[in-house]
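Fair warning: this is a prediction, and the values are worked out from it, not measured in the lab. For the numbers below, each heavy atom of this structure counts, side chains included, while hydrogens, waters and symmetry mates do not. Reminder, nothing fancy here: chain letters follow the sequence lines and each chain counts from 1.
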2 protein chains.
Amino acid sequence: MSILNTYSHSDRFLVAVDCIVFGFTNKEIRLLTFKRAIEPEKGKPSLIGGFVQSDESVEDAAKRVLNKLTGIENLYMEQVATYGAIHRDPAARVISVTYFALINLEDYDEELLTRYDAKWIPLSECQDLIFDHKQMVDDAMALLRRKASAFAIGFNLLPEKFTLTQLQSLYEALYCEALDKRNFRKKVLSLEILNRLDEKDKRHSRKGAYFYMLSDDYQAKLKKETYSFSK
Amino acid sequence: MSILNTYSHSDRFLVAVDCIVFGFTNKEIRLLTFKRAIEPEKGKPSLIGGFVQSDESVEDAAKRVLNKLTGIENLYMEQVATYGAIHRDPAARVISVTYFALINLEDYDEELLTRYDAKWIPLSECQDLIFDHKQMVDDAMALLRRKASAFAIGFNLLPEKFTLTQLQSLYEALYCEALDKRNFRKKVLSLEILNRLDEKDKRHSRKGAYFYMLSDDYQAKLKKETYSFSK
DNA sequence: TCAAAAGTGTTCATTGTACACCCATGT
DNA sequence: ACATGGGTGTACAATGAACACTTTTGA
């Protein structure tokens, strides 16, 4: 007796990818959503997604969807989980694989927002999302927090040049708690993955804050898996 | 212009579940495999798996497969990842969702091994697995390590009553490194989730080692997410 | 000159890590 | 009596957390 059914007699399914695209601005983490264009739940806010096609891998499907909606080629992307409840989409049986992506909002092309009826919403407004999309966001956020406490992936949410204050604000937004400025700076600087530039950011103070960049060799250090910005 | 294709025009896929079943015995972590019963790769070692059916969720499919091969109703199970490369199964396009499960080998019904041509193999023999199953095992093992360092899930691999030496051996097998006996015991006992029984295990020494059990209220503490057995 | 954000060190508590000997008992 | 695995404590290092004031400068 075989564990596997034979291929030919087995059921086939629509497989979707849904992308949880996080951005960071104004001390707040935002989520890219769009107004769903088809029934059911037409017009309601939804994650961006699409169906996997026969001629592409699941990951390529996610890249296709992300590229279409952000115009960005190589954004940070990672698989989160797969959702397979029978009636999660009331219109049809759809199994959905989610990916999260991190984006620097300054790079984002505003024109795309109007073209796709898309919108950056704060995480607090996720309740309105259709189907199980809120659960998907929660799971992605949990993964993002875990990853960000162990790896330096948070930088994907910031511009290339950023201040330590910005970086701290990002981690405060990720963990929803205030961090001590001195401890935070001590810690990130001790990692020795940042280069201080001579240039200052004078947009937010008269004194100005030094810009920093990820150092050229931070990639090698990334593999050590030892970064932790968590309290 | 819509991001989503319409449901009806989209491609459909075979969706499989593959289960990475870990057991622990003799200071070694083992993996439950079986001899694949159908072509391609018939006779080669494979993870246990099966195709998702229309009338069940993906998770229920995994439970069905696990129950069939272990006879156990409620074993510890967790989704790992989804594998969606186009030619990962050379015979057909199959998207596979993996789950890992933890099992106490003492509970395992040997009869099932012969019935399904199944076999417990050490992790070192995973190279022989078909398709991308070795990658699946590697990913599951990474998740197991991460989880075990943060949560008390490792106990699912041990009998109800176990000695601290057994527990230490398990963690040494998980992390592939020797742990200091004094430090290990200090740490696990400080968690206050173990009850020492009056009974001793005399199978391995003349002196005998006390048996321990998870304390009744460990479940509540589990939620604190603060356990760490890692070095 | 003052408002507003940037920047900076020390102390203490907790946790992690290294390390070596005695105990109990069946044969 | 001895071999075998079980069991215990201490000292040092590293990390985490709490905490308040000075600097800069444009308006």
Side-chain angles (χ1 to χ4, degrees), chain A residues 26-27 145 148-150 158 161-213 221 224-231, chain B residues 26-27 145 148-150 152 158-159 161-213 221 224-231:
Chain A
N26 246 359
K27 309 196 170 190
R145 286 200 180 106
S149 73
L158 292 174
K161 297 188 287 188
F162 51 86
T163 66
L164 293 185
T165 305
Q166 276 181 289
L167 185 61
Q168 181 172 348
S169 296
L170 169 58
Y171 276 88
E172 288 177 335
L174 275 174
Y175 294 104
C176 299
E177 65 179 350
L179 300 173
D180 181 87
K181 192 167 32 154
R182 282 164 292 189
N183 291 341
F184 181 81
R185 293 163 104 94
K186 204 189 319 170
K187 188 158 190 173
V188 300
L189 293 177
S190 75
L191 298 176
E192 298 185 329
I193 59 172
L194 297 185
N195 284 342
R196 196 178 82 173
L197 309 182
D198 288 330
E199 199 181 346
K200 279 189 163 187
D201 177 5
K202 297 218 163 191
R203 286 171 299 175
H204 305 294
S205 74
R206 311 197 191 289
K207 182 178 178 180
Y210 281 108
F211 278 118
Y212 285 77
M213 286 182 66
K221 299 193 177 191
K224 286 191 191 167
E225 312 195 7
T226 52
Y227 301 128
S228 175
F229 295 102
S230 63
K231 172 179 101 154
Chain B
N26 244 2
K27 309 196 170 191
R145 287 203 180 102
S149 72
L158 292 174
K161 297 188 287 189
F162 51 86
T163 66
L164 294 185
T165 305
Q166 275 181 291
L167 185 61
Q168 181 171 350
S169 295
L170 169 58
Y171 276 86
E172 287 177 335
L174 275 175
Y175 295 104
C176 300
E177 65 180 349
L179 300 173
D180 181 88
K181 194 172 24 161
R182 281 164 294 189
N183 293 340
F184 180 81
R185 293 164 103 94
K186 203 190 317 171
K187 187 158 191 173
V188 300
L189 292 176
S190 75
L191 298 176
E192 299 184 329
I193 59 172
L194 297 185
N195 284 342
R196 196 178 80 174
L197 309 182
D198 288 330
E199 198 181 347
K200 279 189 163 187
D201 176 4
K202 297 215 164 191
R203 287 172 299 175
H204 305 295
S205 75
R206 311 196 190 288
K207 182 176 178 178
Y210 281 108
F211 278 118
Y212 286 77
M213 285 183 67
K221 300 194 176 190
K224 286 191 191 168
E225 313 195 7
T226 51
Y227 301 130
S228 174
F229 294 104
S230 64
K231 176 180 99 152

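You'll find that the side chain of B:K181 is closest to D:dG7, out of D:dG7, D:dA3, C:dC19. Taking the side chain of B:K202 as heavy atoms from C-beta on, and the options C:dA18, D:dT8, C:dT25, the nearest nucleotide is C:dT25. If you check D:dG6, D:dA18, C:dG7 against the side chain of A:N183, the one that comes closest is D:dA18. Checking C:dC19, C:dA6, D:dA3 against every side-chain atom of A:T165, the shortest atom distance belongs to C:dA6. Side-chain proximity of A:K207 to the nucleotides C:dT8, D:dT23, C:dT17 is greatest for D:dT23. Comparing D:dT8, C:dA24, C:dT17 against the side chain of B:R185 picks out D:dT8 as the nearest.
Proximity of A:L164 to A:L194: side-chain heavy atoms (C-beta onward) are separated by under 4.5 Å at one or more points. Two residues are said to be in side-chain contact when any heavy atoms from C-beta on lie closer than 4.5 Å; B:T163 and B:F211 meet this criterion.
Between B:H204 and A:R182, the residue anchored nearer the 5' end of DNA chain D, judged by the nucleotide with its closest heavy atom, is B:H204. Between A:D180 and A:G208, the one whose closest nucleotide on DNA chain C sits nearer the 5' end is A:G208.
Per the geometry, NZ belonging to A:K186 stands 12 Å off P belonging to D:dT15, to the nearest Å. B:F211 has its CZ atom 11 Å from the P atom of D:dG7, to the nearest Å. In this structure, CG of B:D201 is placed 14 Å from P of C:dG26, rounded to the nearest angstrom. Protein atom NZ of B:K187 is 7 Å distant from nucleotide atom P of C:dT17, rounded to whole Å.
With respect to the salt-bridge test (charged N to carboxylate O, under 4.0 angstrom), the residues A:K161 and A:E199 qualify.
Within the structure, every side-chain polar atom (N or O) of A:S205 is placed at least 4.0 Å from both OP1 and OP2 of C:dA6.
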